[in-house]
Amino acid sequence: MQKHSKIMHFDDSMRRKESISNGVFPEDIWVDILVKLPVKSLVRFLVVSKTWKSLISNNRFAKLHLHRSKGNEQLLRVGINPKSYFPEISILNLHGSRDGEKNHLLGNISFPFPIKPFEEVVIDGSCNGLVVLRTKSILGIILCNLATRKFYHLQLIFNEIYPLVGLCYITETKDYQIVRIQNNEGKSNIGWIYSLNAFFWTRLNVDFPYIKVQHGESGMATIFNECMYWITDEDGGSIATFNVKNEAFKYISLPAFEGLFSVFPRTLGIINGSLSIIISISTEKYNLRFEVWKMNEHRDSWTKLYSFNDPFNIIVLPIGSWKDGSIIFKYLTGNREKVCSYDPSNEKLHHLCMSGSVNLQAINYVESMESVDGEIRRIS
């Protein structure tokens, strides 16, 4: 039978002459069908047969599924369930759900590990469906696939209250790596890197300076091209960057905006395939203006993408972006924070079904079948 899909790149060890399941379709057709399904369905199909489990849990299948999922970017928000009082994660889609254009809430996820009511949960990294989480009651950090509900508890070499953290995927070694950097003022700080392939921490051969992270930021890095970026308050504002592959640290200057001063927060994001920064600027008339700049290829200059006045008539702060160029803003109503999305290219505004207590996090996310370690790890 002629192969109809470019998806099939399984090696000889994965190819079987016999058809899967009832013998009606060959394996390549089943892969073409299964790769389009959500993770929740694929997890159920793992128990259909040993053949299906072998196919779906294969690393190559996970990469194919991830490639499709990246076209359906979602947003995570950590909050407290108003009925159970337990922390949970809400998942949103900018373009609405199957229930209608105005319903952006796709669902809520409970945490797959023990947690206490009203406990604060912080997301320190998100990459290809994996997230790094920390709580006050659990020593260390948790690497978790929220869709498959598998997780791994990582003990820490050091336990900083406000470290710099990043999670990224290294293409050359096909490895997920977590970087944690001590950040003590007045000291030469050290960093550690955790390899998911090797399952251990290694000290980085870099003496990091104290990095004055932008006020209000959690220390989570923005990841772009295997580099980690943090906005700092050093010398009026700059960007600290760490190249994970080369273990090189440096500072990058902010773009030269026009205005009285930049107000907080300045926010990094990935827009149309480029590392970008959203800057809030106070003008001479004390109005608020926003500028969006993209970093040029050689990381030593910036190009302005958009400049627009406050379209909301309320005080809003940028907290992120969608890859299509829409900017995510939050605003305060009473003691609750709400979230909206604004596309400066067409001036479309979406009020997302998303609210929470102060210090709300909005994290870019795609669901995937990426493996944490293949087995559920219990937290003692």
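FYI, side chains are in, hydrogens and waters are out, and symmetry mates aren't considered; it's all heavy atoms of this structure. None of these values were measured; they are calculated from a predicted model.
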- Query: So, F111 versus F151, ring centres under 6.0 angstrom or not?
  - Reply: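 So the answer is no for these two rings.
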- Locate the shortest heavy-atom distance separating N205 from E247; write the atom from each residue and the value.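 Looks like N-OE1, 3.8 Å.
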- Task: Search all heavy atoms of M369 against all heavy atoms of A62 and return the closest pair with its distance.
- Result: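 Result for this residue pair: O-CB, 3.9 Å.
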- Item | Positive for ring pair (Phe, Tyr, Trp, His ring centres under 6.0 Å) with F290, one of Y342, Y306, F308 |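 Answer to the ring pair (Phe, Tyr, Trp, His ring centres under 6.0 Å) test with F290 among Y342, Y306, F308: F308.
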Listed by chain and number, what are the side-chain contact (heavy atoms from CB on, under 4.5 Å) partners of [X], not counting sequence neighbours?
X	result
C127	L167, Y169, Y176
N72	Q74, N93
S195	D175, N197, A198

Can you name the ring pair (Phe, Tyr, Trp, His ring centres under 6.0 Å) partners of [X], sequence neighbours left out?
X	result
Y85	F118
F45	W52
F208	F242, F249

- Item | I271 vs W322 side-chain heavy atoms within contact, under 4.5 Å |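 Answer no - side chains too far apart.
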- Taking the side chain as every heavy atom from C-beta outward, state whether I327 and S341 have any atom pair closer than 4.5 Å.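 Counting from C-beta outward, I327 and S341 never come under 4.5 Å.
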Using atom types as modelled, flag every donor-acceptor pair under 3.5 Å from a side chain in residues 221-230 to any protein atom, sequence neighbours excluded.
{"unit_1": "E226", "atom_1": "OE2", "unit_2": "T171", "atom_2": "N", "d": "3.0"}
{"unit_1": "E226", "atom_1": "OE2", "unit_2": "T171", "atom_2": "OG1", "d": "3.1"}
{"unit_1": "Y229", "atom_1": "OH", "unit_2": "R299", "atom_2": "NH1", "d": "3.2"}
{"unit_1": "W230", "atom_1": "NE1", "unit_2": "G219", "atom_2": "O", "d": "2.8"}

- Query: Considering residues, nucleotides and ligands other than K63, do more than 12 of their heavy atoms fall under 6.0 Å from its NZ?
  - Reply: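 Check passes, neighbour count above 12.
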Do [X] and [Y] sit in one hydrophobic cluster, given that two such residues count as connected whenever their side-chain heavy atoms are within less than 4.5 Å of each other, even indirectly?
X	Y	result
V132	W192	yes
L254	W293	yes
F200	L196	no
I252	L275	yes
I170	I181	yes

Within this structure, what is the [atom1]-[atom2] distance for the pair [X] and [Y], rounded to the nearest 0.5 Å?
X	Y	atom1	atom2	answer
L34	L64	CG	CG	11.5 Å
L305	S274	CG	OG	7.5 Å
L268	M220	CG	CE	10.0 Å

- Message: Using the salt bridge (charged side-chain N to carboxylate O under 4.0 Å, His left out) criterion, which residues pair with E297? Sequence neighbours excluded.
- Response: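 For E297 there are no salt bridge (charged side-chain N to carboxylate O under 4.0 Å, His left out) partners, ignoring immediate neighbours.
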- Of V131, I91, V39, the residue whose pairing with L146 passes side chain to side chain contact (heavy atoms under 4.5 Å, CB included):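 Only one option passes, and that is V131.
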According to side chain to side chain donor-acceptor pair (under 3.5 Å), who are the partners of [X], at least two apart in sequence or on a separate chain?
X	value
S253	none
S110	none
E88	N81

- Item | salt_bridge(D343, K348) N-O dist < 4.0 Å |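 No.
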- Query: Does anything in residues 195-211 pair up under salt bridge (charged side-chain N to carboxylate O under 4.0 Å, His left out), and if so which pairs, sequence neighbours excluded?
  - Reply: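 Counting only pairs at least two positions apart or across chains, no salt bridge (charged side-chain N to carboxylate O under 4.0 Å, His left out) contact touches residues 195-211.
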